[in-house]
2 protein chains.
Amino acid sequence: MLMQGNTAFENVEATSKLSCDQPLASVFQMSATETVEAGEAICWEGDAAKHLFQIVEGVVRLHRIIGEGRRVITAFQFAGDVVGAFLQGDLLFTAEAVTDCKIRRVSRKTFHDEVSRSDALRPAYINLLCKETAAAHDQMVLLSKKNAEERLCSFILKLALRSESQLKKGLLRLPMNRQDIADYLGLTIETVSRTISKLAAKNIVIPEGRHDLRIVSQSRLVQLSGNSDDFSEKTCHRGSVH
Amino acid sequence: MLMQGNTAFENVEATSKLSCDQPLASVFQMSATETVEAGEAICWEGDAAKHLFQIVEGVVRLHRIIGEGRRVITAFQFAGDVVGAFLQGDLLFTAEAVTDCKIRRVSRKTFHDEVSRSDALRPAYINLLCKETAAAHDQMVLLSKKNAEERLCSFILKLALRSESQLKKGLLRLPMNRQDIADYLGLTIETVSRTISKLAAKNIVIPEGRHDLRIVSQSRLVQLSGNSDDFSEKTCHRGSVH
DNA sequence: CGAGTTATTGACGAGAGTCAAACAACGTGG
DNA sequence: CCACGTTGTTTGACTCTCGTCAATAACTCG
């Protein structure tokens, strides 16, 4: 498995997220960091959820398999994120490293003890759970009602917004491969590819290698993402997409 | 707006759920019950989430609208369920009564005060949040990878399982109309209708009026729901679906 | 019973999936 | 440093499921 690029990238954000945006980080602070190579699994669907993880560095995908090899990626998690917060009994997903990762782990028991002891941590934990549910609902909307182009635009935007800092002159890194994107967006790899090509033809993004995207027009991405409240413009587009 | 059938039905379960399965019910106990007629809204997407609700009786749908009148139903909620638990700031959905409902409401402040005061309530609240997230993930899988038939079978099964008690000789009540089902499953009303007809042709279910379904073969529903781990049989089906 | 709503069925088309081939990126070894 | 093989991606041709539009049928309730 090869390293998919500059992890120094993620590091920048990791540092800030770990300290500020994520009070729960303190729970993981004393755990040793473990290294996980790209492609390796961190835990498996169906196993008892004995640990929670925090991603210190790198990108992780959470997925479920349903019969005959259909894979659904339910989330990508980035540096600073906590994996497994909402689990009770068994794991509902397999977590795998998309890039080389550094993670910390704590047992579920420790985590819950710490959280229920601390008045500062408890709201942070609740907050995390709420955010996760909200994100899941957004994804349901995407999967339920958006076409391929809207899905891709929404996805690119989400990535772009969460990494504004490292977005140097509109260059966005896509750490995951096309299959991962497809399984996350409920599409096939071919449709993802075609749709990116279509966006490129419209000069909205320019692919640079497999893992980078130059964002030419963020505003057009917003228009095409299907989230716009202003749909006077949108309606026109839909009429003339082909 | 018309009454869509016997609310006494839901009552049976309400009573048991309110007392046993749902410790959070105690928070709502002292609030007066309000009546909401079928079709009426309980709260609106975008408003500040000032209250949480508990459904005492009836069925509620939660939905979001995205541009040009596309509606996504993110969940149906039944007697005993708590609505709005995972909200932080603004409401992310509109809640509407599917049938005539009785609900209780408490302010978010009261709710959170009560919950953080009680060692019994806190785990129940966490548990609720986790369950909601897990449910959202299941729905993501459905929307992401299942075809129309699998979606319908999954839906019918879920309804059937959650109301086993009132499932008299395989008669299942569908309190919602076809449009609601369509918007929940990410399909159109026509596809829902056709798929039910197809299941009827296979003698798996028999529609009786618009709001009742006689379940002839629950096991075939399971097979066709796309959740089966045993997919030797499944694979054959997929090969010969048409 | 009859008007209005909701559901079903049919004909057709479009968007995404499938299968297969060409192509580009990346790492390796000469 | 460049040819090569591997892997991942793009593109093309075709199919199929589901969506759209429209007509008919079944409920529901005054």
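None of the values given here were measured: they were computed from a predicted structure. Lettering of chains follows the sequences in order, A, B, ..., and the numbering in each one begins at 1.
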Handout entry: Nearest-angstrom distance from the residue atom CD of B:Q179 to P of C:dA7
Key = 8 Å
Exercise for the section: Please determine if a side-chain N or O atom of A:S197 lies less than 4.0 Å away from the OP1 or OP2 oxygen of D:dT11. Expected result: yes
Completion exercise
Closest of C:dA16, C:dA7, C:dA24 to the A:R210 side chain is C:dA24
Practice task
Could you check how far CG of A:N177 sits from C1' of D:dT10, rounded to whole Å?
Solution key: 14 Å
Practice task
Specify the separation, in whole Å, of atom CG of A:D212 and atom P of C:dC26.
Solution key: 9 Å
Handout entry: Closest to side chain of A:S193, choosing from D:dT10, D:dC18, C:dT18
Key = D:dT10
Practice task
Identify the residue among B:I55, B:D81, B:T99, B:V98 that makes a side-chain contact (heavy atoms from CB on, under 4.5 Å) with B:V60.
Solution key: B:I55
Handout entry: A:L187 or B:T191, whichever maps to the more 5' nucleotide of DNA chain C
Key = B:T191
Problem - Per B:R178 side chain, nearest of listed nucleotides C:dT8, D:dT9, D:dA13 - result: C:dT8
Fill in the blank from the handout: Rounded to whole Å, CD1 of A:I189 lies from P of D:dG12 at a distance of 17 Å
Practice task
Classify the nucleic acid contact of B:I196 as base, sugar-phosphate or nothing, counting any heavy atom under 4.0 Å across all strands shown.
Solution key: nothing
Problem - Between C1' of D:dT9 and CG of A:L152, the distance in whole Å - result: 14 Å
Practice task
State, to 0.1 Å, how close B:R151 and B:G186 come at their nearest heavy-atom pair, and which atoms those are.
Solution key: NH1-O, 3.4 Å
Handout entry: Axial cation check for B:F78 ring with B:R162, 6.0 Å and 45° limits
Key = yes
Exercise for the section: Taking only the side-chain heavy atoms of B:R194 (C-beta and beyond), determine which of C:dA11, D:dT9, C:dG17 contains the nearest atom. Expected result: C:dA11
Exercise for the section: Measure across A:S144 and B:D183 and return the closest heavy-atom pair with its distance rounded to 0.1 Å. Expected result: OG-O, 4.2 Å
Exercise for the section: Find out whether the Lys NZ or Arg CZ of B:R104 is both under 6.0 angstrom from the six-membered ring centre of B:F53 and within 45° of the ring's axis. Expected result: no
Handout entry: Length of the CD-P vector between A:E208 and C:dC26, whole Å
Key = 12 Å
Exercise for the section: Would you kindly give the CD1-to-P distance between A:I206 and D:dT10, to the nearest whole Å? Expected result: 15 Å
Exercise for the section: Looking only at side-chain atoms of A:E190, point me to the closest of D:dC21, C:dT18, D:dG19. Expected result: C:dT18
Problem - Whole angstrom value for the distance that separates P of C:dA14 from CD of A:E149 - result: 17 Å
